[in-house]
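As a basis for the values below, the full set of heavy atoms in this structure was taken, side chains included, without hydrogen atoms, waters or symmetry mates. Letters A, B, ... mirror the listed sequences (proteins, then strands); counts begin at 1. Please read all numbers here as calculations on a predicted model, not as lab measurements.
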There are 2 protein chains.
Amino acid sequence: MEENGYTHQQPDLDIIFGALADPTRRAILSRLATGQASVNELAAPFQMSQPAVSRHLKVLEKAGLIQREVDEQRRPARLRADNMALAVNWLDEFRAFWGTSFDRLDDVLVDLQSKPTEEQNHE
Amino acid sequence: MEENGYTHQQPDLDIIFGALADPTRRAILSRLATGQASVNELAAPFQMSQPAVSRHLKVLEKAGLIQREVDEQRRPARLRADNMALAVNWLDEFRAFWGTSFDRLDDVLVDLQSKPTEEQNHE
DNA sequence: AATTTATATAACCTTTTTGTTATGGAAGAA
DNA sequence: TTCTTCCATAACAAAAAGGTTATATAAATT
């Protein structure tokens, strides 16, 4: 079980962060934050093929970031955000490093919001 | 410039989440949260070769998650957490989905802390 | 000057990721 | 029933990731 001195593995985080590392998948998640959507709807904005999007959805599903449903012929996806909290929770350990009370993180966030990107303002 | 209907790319997040998707690199970051360390010190807990660790460090550096320094022959790494805030900031957009005021996220976090893992409690 | 220590880089291999096209199946429409 | 729509899966190729060993380099030590 033990594989090194200071940590065990947490495979969920591999899968979750891995899923978040792709711009298409992040865009899909952003889209789903506005409500569920069918595969074709999700695929439309991309120049990618439909099977490619289907596989991205499978990656997101394995990461527990979405869940699939059934609506006649459609298999709409809907957000399932619990596992994103897992990611946030891991990042959270670094708040102690950033400062006792979020100060530095807050600074950075304020800074980011003053020059927002399109991706951040997806809605 | 425009590549699809609802988002632009944010390559930083690809790199950052990609860097966080590997358990060795997360363990290195956790170690660095307790203070700077040389390459050999970082490599010691793993059964991996030193060149492999050097490459993990390069990935982390490219992601802006660490910075390298010079101490005689050593090239110690130190945490540079600003870009982790970028990741948190992106995830932040889903707090609206979780609930108006963090409620659901808080629930999940409380839940996680009641059954913590080794990796979460690295210090 | 020669050796040792700390680290980086090169060359290579294997596995995983990410896309493609082709095809199949299930459900609704005609 | 036949056609169309929506989606998944298979087979394939290219590129990226992650490891290895061998070697180079720079600084400290002897």
Margin query: Return a single string for nucleotides 10-20 of chain C, one symbol per nucleotide in 5' to 3' order, where B is base contact, S is sugar-phosphate-only contact and - is none, cutoff 4.0 angstrom on heavy atoms.
Written below: --------BBB
Next item on the list: Can you measure from CD1 (Ile15(A)) to CG (Leu20(A)) and round to the nearest 0.5 angstrom?
Entry: 11.5 Å
Item checked: By side chain to side chain contact (heavy atoms under 4.5 Å, CB included) - contacts of Ala21(B) (at least two apart) -> Phe17(A)
Notebook entry, point to check: Leu79(A) versus Met84(A): any side-chain heavy-atom pair under 4.5 Å?
Noted result: yes
Next item on the list: Let me see the working for Leu32(B) and Leu65(B) under side-chain contact (heavy atoms from CB on, under 4.5 Å), right down to the final yes or no.
Entry: CA-CA 10 Å; Leu32(B) 291 178; Leu65(B) 297 174; over 6 Å; no
Item checked: Which residues share a side chain to side chain contact (heavy atoms under 4.5 Å, CB included) with Ala52(B), sequence neighbours left out -> Met48(B), Ser49(B)
Next item on the list: Kindly compute the distance separating CZ (Arg80(B)) from CD (Gln67(B)), expressed to the nearest 0.5 Å.
Entry: 6.0 Å
Next item on the list: Measure the shortest side-chain to side-chain distance between Pro23(B) and Leu13(A) over non-hydrogen atoms and say whether it is less than 4.5 angstrom.
Entry: no
Name each donor-acceptor pair under 3.5 Å that joins a side chain in residues 53-63 of chain B to protein atoms two or more places apart or in another chain, with its distance.
{"from": "Ser54(B)", "atom 1": "OG", "to": "Gln50(B)", "atom 2": "NE2", "distance (Å)": "3.0"}
{"from": "His56(B)", "atom 1": "ND1", "to": "Arg25(B)", "atom 2": "NH1", "distance (Å)": "3.1"}

Checklist line | Residue pair Trp90(B) / Ile16(B), side-chain heavy-atom distance below 4.5 Å | finding: no
Note to self: Please give me every residue in residues 61-76 of chain B whose heavy atoms get under 4.0 Å of an atom in DNA chain D, ordered by residue number.
What the structure shows: Glu72(B), Gln73(B)
Next item on the list: Tell me, please, the opening and closing nucleotides of DNA chain D, 5' to 3', among those with an atom under 4.0 angstrom from a non-hydrogen atom of chain B.
Entry: dG18(D) to dA28(D)
Notebook entry, point to check: Which residues satisfy the side-chain hydrogen bond (donor to acceptor under 3.5 Å, both in side chains) test with Arg78(B), sequence neighbours excluded?
Noted result: Glu69(B)
